[in-house]
Amino acid sequence: MLRFAFAAALAALSFSPVPQAHTQLAPAPCAQVWKHEPVLTYDVAGSTLIGPLYLHLAVYNDGHAIVSRTSTDPDPGAAQTSSLSAAEVQQLRADLIAAGADSLCDDTLQANDAPLSTITYFRGTTNGTTHTFSYWAGFGGSYAAVEQVVTNLIATKFPNF
């Protein structure tokens, strides 16, 4: 009888709702058919003393770049596209890495009436990793170098923006 109770207990354990560990397989490698993966996104969003501000920049490894901005109604906003050469994309990557875009952490300060800037640096490949961090616009510090890279890019590739 004791053996039967023990066997029944073991059988019950095999049907218990305790989750079983699953091994996760590595993703299958993908062919990079279209060279149009992001390298950089830059977002600025939030309040300023003159009202809300929204700005977005995206740069892709094929050189396509787009910037857009708006503030408040009835502001219709604006958007422009531009192209970077392969050398300019490589230089942008090098400048971003030198400025710390692949290692900076979120800003721990709190700010009022300052928009939050968020940068995501992408490796620019199909299965590439990313690094994202946010900081308060205009406060500089360790974020000043990355901010300068982005503002230089906008001034150079979108001169009338």
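Computed over heavy atoms, backbone and side chain alike; hydrogens, waters and symmetry mates excluded.
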| task | Go through the steps to decide whether F122 and T132 satisfy the test side-chain contact (heavy atoms from CB on, under 4.5 Å), and finish with yes or no. | result | CA-CA 9 Å; F122 298 80; T132 300; over 6 Å; no

| said: To the nearest 0.5 Å, what is the distance between CD on Q90 and CG on D95? | reply: 11.0 Å

| Is the backbone N or O of L109 less than 3.5 Å from a side-chain atom of W136, with the two atoms forming a donor-acceptor pair by type? | yes

| query | Which atom pair, heavy atoms only, marks the closest approach of S134 to D106? | reply | N-OD1, 2.8 Å

| Within residues 62-118 or reaching into it, pairs that qualify as ring pair (Phe, Tyr, Trp, His ring centres under 6.0 Å) - sequence neighbours excluded | H36-H64, Y60-H64

| note | When rounded to the nearest 0.5 Å, the distance separating CG of D102 from OG1 of T129 is 9.5 Å

| From S83 OG over to D62 CG, what is the distance, rounded to the nearest 0.5 angstrom? | 8.0 Å

| field | Nearest-0.5 Å distance that lies between atom NZ in K157 and atom OG1 in T81 | value | 11.5 Å

| query | Is the backbone of S85 close enough, under 3.5 Å, to the side chain of E88 for a donor and an acceptor to pair up by distance? | reply | yes

| message | Between F161 and L55, is there a side-chain heavy-atom distance shorter than 4.5 Å? | response | yes

| message | For Y143 and L104: C-alpha separation, side-chain torsions, deciding distance, then whether side-chain contact (heavy atoms from CB on, under 4.5 Å) applies. | response | CA-CA 8 Å; Y143 307 98; L104 286 169; 3.9 Å; yes

| said: Could you measure the distance from the CG atom of L96 to the CD1 atom of I119? Nearest 0.5 Å is fine. | reply: 7.0 Å

| task | Determine whether L153 and L84 make a side-chain contact, defined as any pair of heavy atoms from C-beta on separated by less than 4.5 Å. | result | yes

| request: Quick one: do L57 and I66 satisfy side-chain contact (heavy atoms from CB on, under 4.5 Å)? Show the steps, please. | output: CA-CA 6 Å; L57 169 71; I66 184 168; over 6 Å; no

In a table with atom names and distances, give each donor-acceptor pair under 3.5 Å that connects a side chain of residues 38-47 to protein atoms at least two apart or in another chain.
from	atom 1	to	atom 2	distance (Å)
Y42	OH	E147	OE1	3.4
Y42	OH	E147	OE2	2.7
D43	OD1	H56	ND1	2.4

| field | Where V146 and A101 come nearest, the two heavy atoms and their spacing | value | CG2-N, 3.9 Å

| request: For R93 and N61, run side-chain contact (heavy atoms from CB on, under 4.5 Å): C-alpha distance rounded to whole Å, both residues' side-chain angles, the deciding distance at 0.1 Å, then the answer. | output: CA-CA 10 Å; R93 279 193 181 130; N61 62 356; 3.8 Å; yes

| task | Could you tell me which non-hydrogen atom of L53 sits nearest to which non-hydrogen atom of P115, and how far apart they are? | result | CD2-CG, 4.2 Å

| message | Is the shortest side-chain heavy-atom distance between Y121 and F133 below 4.5 Å? | response | no

| field | R69 NZ/CZ over Y54 ring centroid, <6.0 Å and within 45° of normal | value | no

| task | Taking salt bridge (Lys or Arg N to Asp or Glu O under 4.0 Å) as the test, write out the residues that go with E37, two or more places apart. | result | none

